[in-house]
Amino acid sequence: MERSTAEIADAVGYVCRRQLQLRQVLASGPGVAALDAVIGVLRAGGDPRQSLDDLHRALREAGDALGVFGRSRGLFDLAGSDRYARQEPVLLCPQGGAHYPCARFAFPAPGVTPRCEVSGEPLRRDVIG
């Protein structure tokens with residue numbers, strides 16, 4: 001099944017946010033090789049579609065009924081954002097120029113900028129609008 005760019009971005013964001021939990025689930029089943037493959041592809045800037053499909057199947061095999069693709073967000077506004085206020089600051093995946101950047105986001109706050117769980121780079125500042 002061909003997945004949309006939005007589905008891929010959502011899946012990458014889910015993997016980035018939940019690596020430790022996914023590792024625990026996989027350790028009790030088929031092992032963590034599929035997760036390590038996704039992280040390797042993302043770090044290399046490659047196309048994660050096949051490795052995400054493999055991870056999805058491995059998670060399902062390990063008992064995770066939703067895998068990485070069962071959590072689609074649909075089309076709605078970012079929580080905490082004002083759809084009518086343009087140029088609202090947001091922090092996004094540092095691989096913004098990549099074919100499939102993840103869908104993770106955060107709002108700027110005082111203190112240390114959150115870092116990408118894959119590359120270790122700080123999330124990149126952008127604006128909604």
Side-chain angles (χ1 to χ4, degrees):
M1 171 190 349
E2 188 67 26
R3 301 198 187 273
S4 72
T5 302
E7 288 174 304
I8 298 297
D10 282 347
V12 170
Y14 180 73
V15 169
C16 287
R17 286 187 307 274
R18 306 207 28 116
Q19 274 187 69
L20 294 177
Q21 294 90 343
L22 295 176
R23 200 166 287 284
Q24 290 172 343
V25 169
L26 291 166
S28 66
V32 298
L35 176 60
D36 290 340
V38 170
I39 300 304
V41 167
L42 293 173
R43 284 187 177 146
D47 183 344
R49 288 179 292 185
Q50 183 60 54
S51 59
L52 284 169
D53 281 335
D54 295 343
L55 176 58
H56 180 71
R57 280 191 296 281
L59 285 167
R60 300 284 309 273
E61 183 181 325
D64 181 338
L66 299 177
V68 295
F69 293 113
R71 294 167 173 81
S72 294
R73 282 194 206 116
L75 299 173
F76 54 84
D77 295 325
L78 296 175
S81 69
D82 179 353
R83 85 170 37 189
Y84 302 106
R86 294 296 175 227
Q87 306 304 311
E88 187 169 349
V90 66
L91 300 172
L92 301 171
C93 175
Q95 296 186 23
H99 295 292
Y100 298 100
C102 88
R104 178 180 177 199
F105 68 92
F107 291 105
V112 179
T113 300
R115 299 185 93 64
C116 172
E117 297 293 331
V118 172
S119 69
E121 297 175 48
L123 296 183
R124 111 187 117 79
R125 189 175 184 88
D126 207 336
V127 292
I128 300 171

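All residue numbers in this chain count up from 1 along the given sequence.
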Pairwise distance CZ(Arg49) to CD(Glu7) - rounded to 0.5 angstrom:
12.0 Å
Walk me through it: do Thr113 and Arg125 pass the test side-chain contact (heavy atoms from CB on, under 4.5 Å)?
CA-CA 9 Å; Thr113 300; Arg125 189 175 184 88; over 6 Å; no
For Pro114, side chain to side chain contact (heavy atoms under 4.5 Å, CB included) partners two or more places apart
Leu91, Arg104, Ala106, Leu123
How close do Pro48 and Ile8 get, counting heavy atoms only, and between which atoms?
CG-CG2, 4.0 Å
Using side chain to side chain donor-acceptor pair (under 3.5 Å) as the criterion, list what pairs up with Gln50, not counting sequence neighbours.
Asp54
Scan for salt bridge (charged side-chain N to carboxylate O under 4.0 Å, His left out) pairs involving residues 105-120, sequence neighbours excluded, and state none if there are none.
none
Can you give me every donor-acceptor pair (side chain of residues 25-46, partner residue at least two apart or in another chain, under 3.5 Å) with its distance?
from  : atom 1 : to     : atom 2 : distance (Å)
Ser28 : OG     : Val25  : O      : 2.8
Asp36 : OD1    : Arg23  : NH1    : 3.0
Asp36 : OD1    : Arg23  : NH2    : 3.0
Arg43 : NE     : Val118 : O      : 2.7
Arg43 : NH2    : Val118 : O      : 3.2

Name all pairs fulfilling the ring-ring contact (aromatic ring centres under 6.0 Å, His included) condition that reach into residues 15-41, sequence neighbours left out, sorted by first residue then second.
none
Please report the shortest heavy-atom distance between Pro89 and Phe107, naming the atom on each side.
O-CD2, 3.6 Å
With no hydrogens and no angle check, is any side-chain donor or acceptor of Arg60 less than 3.5 Å from a backbone partner on His56?
no
Hey, could you give me the OH/CG distance between Tyr14 and Leu66, rounded to the nearest 0.5 Å?
7.5 Å
Side chain to side chain contact (heavy atoms under 4.5 Å, CB included) filter on Ser119, not counting sequence neighbours, yields Pro94, Gln95, Cys116, Glu121
